[in-house]
Amino acid sequence: MHPYSLKSSKGAPFPPRPILVFLIAIFGFYVCYISFNQITLENRYEENSGEVQAEIHCRKPRLPHEELRYVHFPKPESYNRGECSCNPVRFFVLVSMQRSGSGWFETLLNSHPNISSNGEIFNRVDRRETITSILQTLDKLYNLDWFTSAAKNECTAAFGLKWMLNQGFMDHHDDIASYLNKKGVSVIFLFRRNVLRRLISVLANDYDRDAKQLNGTHKSHVHSKEEAEILAKFKPVLDVSNLIPNIRNAEKYIRDCLDHFNTTRHMILYYEDIVHNRNALFQVQEFLGVPVRKLVSRQVKIHTSPLPGLVRNWDDVSNKLNGTQYAHFLDGADYVR
């Protein structure tokens, strides 16, 4: 045998050329198919709204586990949150009573670029007629489909409303407490320690609602000392015979409220404490999970005089409360301008 003759291989024979071409074609088709689908998925991903992307990327914010239930990524129906889609939002409600400083406090909150408090949305009866209408209104609000002057251009981090106890809040307390817990809403209770001062303010405000002392216009809050001085000239006469029952009922109303909503995540504030200690506002911002800043308000306090100068029948009021558990209201020491 010739030394250079080749012996046949003992392995499997090499595939014929047609089979090889077929396999190459199949492989090429598979590569093209995978590439096409990847491009299609990328295009669809780019076309997704910011809210869908938020759902994909914002499910696990870097927060303590116990805070997660109070962090939300709303998807408004009326607009696209865009670049704010992944900015977490905390829901809150400011619960108070008329003439307890809630209007002033809300202006302080709204001076923060990341807080939107939308006022007394339940001052309209149709929104609080039934628990159904109440919950529907809350759903719309907390979906961020609610527009007021409190709306922010910056990414909202805390969103809520002001709710008075007599605006359906106590009438449906069980259902509302359940909703707040399920929705992850934080509650800020704001009351006034000196119920006597609050009562005087209520009577004065009721008088101006009819008298309209400021150029024929009723104003519950003012922004100048001149306007405040005009409104402060009116001195109500207190019904001494019902004074103690009225004070007692107001305090019971507050206790009942705190008892009904003690299962919610909440903080309790008093108007006088905020006046004495502005650091309380820092605690509020920490409670709402927003950057701490100095909060400001343009509102001017109306009744700044000592109590004897605010009531026409002060001697009768003083004699009625002296010697009772409410005597400490008389010195006015719980408020400093």
Side-chain angles (χ1 to χ4, degrees), residues 94-108 120 123 162 164-167 170 189-214 217-257 268-276 297-337:
L94 169 60
V95 178
S96 187
M97 300 172 71
Q98 284 81 359
R99 315 311 297 176
S100 296
S102 61
W104 167 68
F105 182 76
E106 189 173 42
T107 61
L108 289 170
E120 297 177 36
N123 59 354
K162 183 171 68 169
M164 297 298 162
L165 296 188
N166 62 353
Q167 293 175 349
M170 293 291 284
F189 293 107
L190 175 63
F191 299 117
R192 196 163 184 168
R193 294 187 186 278
N194 195 323
V195 181
L196 179 61
R197 273 194 174 269
R198 175 185 172 271
L199 178 59
I200 295 171
S201 182
V202 168
L203 294 175
N205 187 64
D206 288 345
Y207 171 79
D208 186 69
R209 188 175 286 109
D210 295 326
K212 297 179 174 60
Q213 303 166 88
L214 298 175
T217 303
H218 168 59
K219 289 187 177 182
S220 296
H221 309 99
V222 296
H223 298 95
S224 72
K225 290 184 178 180
E226 293 74 19
E227 290 178 324
E229 290 173 356
I230 293 174
L231 295 183
K233 288 180 180 179
F234 172 72
K235 299 179 181 181
V237 175
L238 273 61
D239 180 3
V240 176
S241 62
N242 290 315
L243 183 56
I244 291 180
N246 287 339
I247 293 175
R248 185 180 295 117
N249 289 337
E251 291 187 335
K252 183 179 184 302
Y253 205 30
I254 293 174
R255 288 196 304 270
D256 290 345
C257 170
I268 303 172
L269 295 173
Y270 290 94
Y271 169 77
E272 293 85 358
D273 296 343
I274 300 175
V275 172
H276 280 309
S297 172
R298 293 178 53 243
Q299 283 193 13
V300 176
K301 183 171 174 59
I302 297 173
H303 298 106
T304 60
S305 302
L307 278 171
L310 300 179
V311 182
R312 274 192 285 171
N313 60 335
W314 175 252
D315 289 340
D316 295 334
V317 172
S318 179
N319 291 333
K320 187 68 176 180
L321 296 183
N322 265 321
T324 71
Q325 65 187 97
Y326 304 116
H328 64 282
F329 291 156
L330 298 173
D331 58 17
D334 58 345
Y335 173 75
V336 177
R337 182 177 171 79

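Throughout, residue positions are numbered sequentially from 1 according to the sequence presented.
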Asker: Could you pull out all residues at least two apart from Asp210 that satisfy side chain to side chain donor-acceptor pair (under 3.5 Å)?
Answerer: none
Asker: Would you say the side-chain atoms of Ser100 pair up with the backbone N or O of Ser102, donor to acceptor, closer than 3.5 Å?
Answerer: no
Asker: Please list, chain by chain and in numerical order, all residues satisfying side chain to side chain donor-acceptor pair (under 3.5 Å) with Arg99, sequence neighbours excluded.
Answerer: Ser201
Asker: For Arg312 and Lys235, which heavy atoms make the closest approach, and how far apart are they?
Answerer: NE-O, 3.0 Å
Asker: Can you confirm whether Leu214 sits close enough to Val222 that some side-chain heavy atom of one is under 4.5 Å from a side-chain heavy atom of the other?
Answerer: yes
Asker: Can you confirm whether Met97 sits close enough to Asn166 that some side-chain heavy atom of one is under 4.5 Å from a side-chain heavy atom of the other?
Answerer: no
Asker: Test side-chain contact (heavy atoms from CB on, under 4.5 Å) on Ser305 and His303 and set out the steps.
Answerer: CA-CA 6 Å; Ser305 302; His303 298 106; over 6 Å; no
Asker: Closest heavy-atom contact between Ala250 and Val195?
Answerer: CB-CG1, 3.8 Å
Asker: What is the minimum heavy-atom distance between Arg193 and Phe329, and which atoms define it?
Answerer: O-CE2, 3.3 Å
Asker: Can you tell me how far apart NZ (Lys320) and OG1 (Thr324) are? Round to the nearest 0.5 Å.
Answerer: 9.5 Å
Asker: What distance separates Tyr326 OH from Ile247 CD1, expressed to the nearest 0.5 Å?
Answerer: 6.5 Å
Asker: Which heavy atom in Ser224 sits nearest to a heavy atom in Val300, and how many Å separate them?
Answerer: N-CG2, 3.7 Å
Asker: Output yes when a side-chain donor or acceptor of Glu272 lies under 3.5 Å from a complementary backbone atom of Asn194, and no otherwise.
Answerer: yes
Asker: With a 4.5 Å limit on heavy-atom distance, are the side chains of Trp104 and Lys301 in contact?
Answerer: no
Asker: Does Tyr270 reach the side chain of Arg192, with side-chain heavy atoms less than 4.5 Å apart?
Answerer: no
Asker: Less than 4.5 Å apart, side chain to side chain, heavy atoms only: is that true for Trp314 and Leu330?
Answerer: yes
Asker: Begin from the C-alpha positions of Asp208 and Asn205 and carry the test side-chain hydrogen bond (donor to acceptor under 3.5 Å, both in side chains) through to its verdict.
Answerer: CA-CA 5 Å; Asp208 186 69; Asn205 187 64; over 6 Å; no
Asker: Examine distances only and state if a side-chain atom of Ser96 and a backbone atom of Leu190 form a donor-acceptor pair shorter than 3.5 Å.
Answerer: yes
Asker: For Ile200, give me all partners under side chain to side chain contact (heavy atoms under 4.5 Å, CB included), at least two apart in sequence or on another chain.
Answerer: Leu196, Pro236, Leu238, Leu307, Leu310, Val311
Asker: Would you give the length of the straight line joining atom NE2 of His218 to atom CG of Asp206, rounded to the nearest 0.5 angstrom?
Answerer: 8.0 Å
Asker: Give the intermediate values and the outcome of side-chain contact (heavy atoms from CB on, under 4.5 Å) for residues Tyr271 and Val275.
Answerer: CA-CA 6 Å; Tyr271 169 77; Val275 172; 3.8 Å; yes
Asker: For a side-chain contact (heavy atoms from CB on, under 4.5 Å) check, start with the C-alpha distance between Leu269 and Phe105, then their side-chain angles and the critical distance, and finish with the verdict.
Answerer: CA-CA 11 Å; Leu269 295 173; Phe105 182 76; 3.8 Å; yes
Asker: Could you measure the distance from the CG atom of Asp315 to the CG atom of Asn319? Nearest 0.5 Å is fine.
Answerer: 6.5 Å
Asker: Between atom NZ of Lys225 and atom CD1 of Ile230, what is the distance when rounded to the nearest 0.5 Å?
Answerer: 15.0 Å
Asker: If you look at every heavy atom in Arg209 and Lys212, which pair is closest and at what distance?
Answerer: O-NZ, 3.0 Å
Asker: Do the non-hydrogen side-chain atoms of Lys233 and Glu229 ever get within less than 4.5 Å of each other?
Answerer: no
Asker: Return the minimal non-hydrogen interatomic distance between Ile302 and Ser220, and the atom names on each side.
Answerer: CD1-O, 4.0 Å
Asker: Set out, in order, the CA-CA distance, both residues' side-chain angles and the distance that settles side-chain contact (heavy atoms from CB on, under 4.5 Å) for Phe191 and Arg198, then state yes or no.
Answerer: CA-CA 10 Å; Phe191 299 117; Arg198 175 185 172 271; over 6 Å; no
Asker: Taking Lys252 first and then Asp256, would you say they form a salt bridge - that is, a charged N and a carboxylate O separated by under 4.0 Å?
Answerer: yes
Asker: Are more than 12 heavy atoms from other residues, nucleotides or ligands located less than 6.0 Å from atom CZ of Arg298?
Answerer: no
Asker: If you round to the nearest 0.5 Å, how far is NZ of Lys219 from CD of Glu227?
Answerer: 3.5 Å
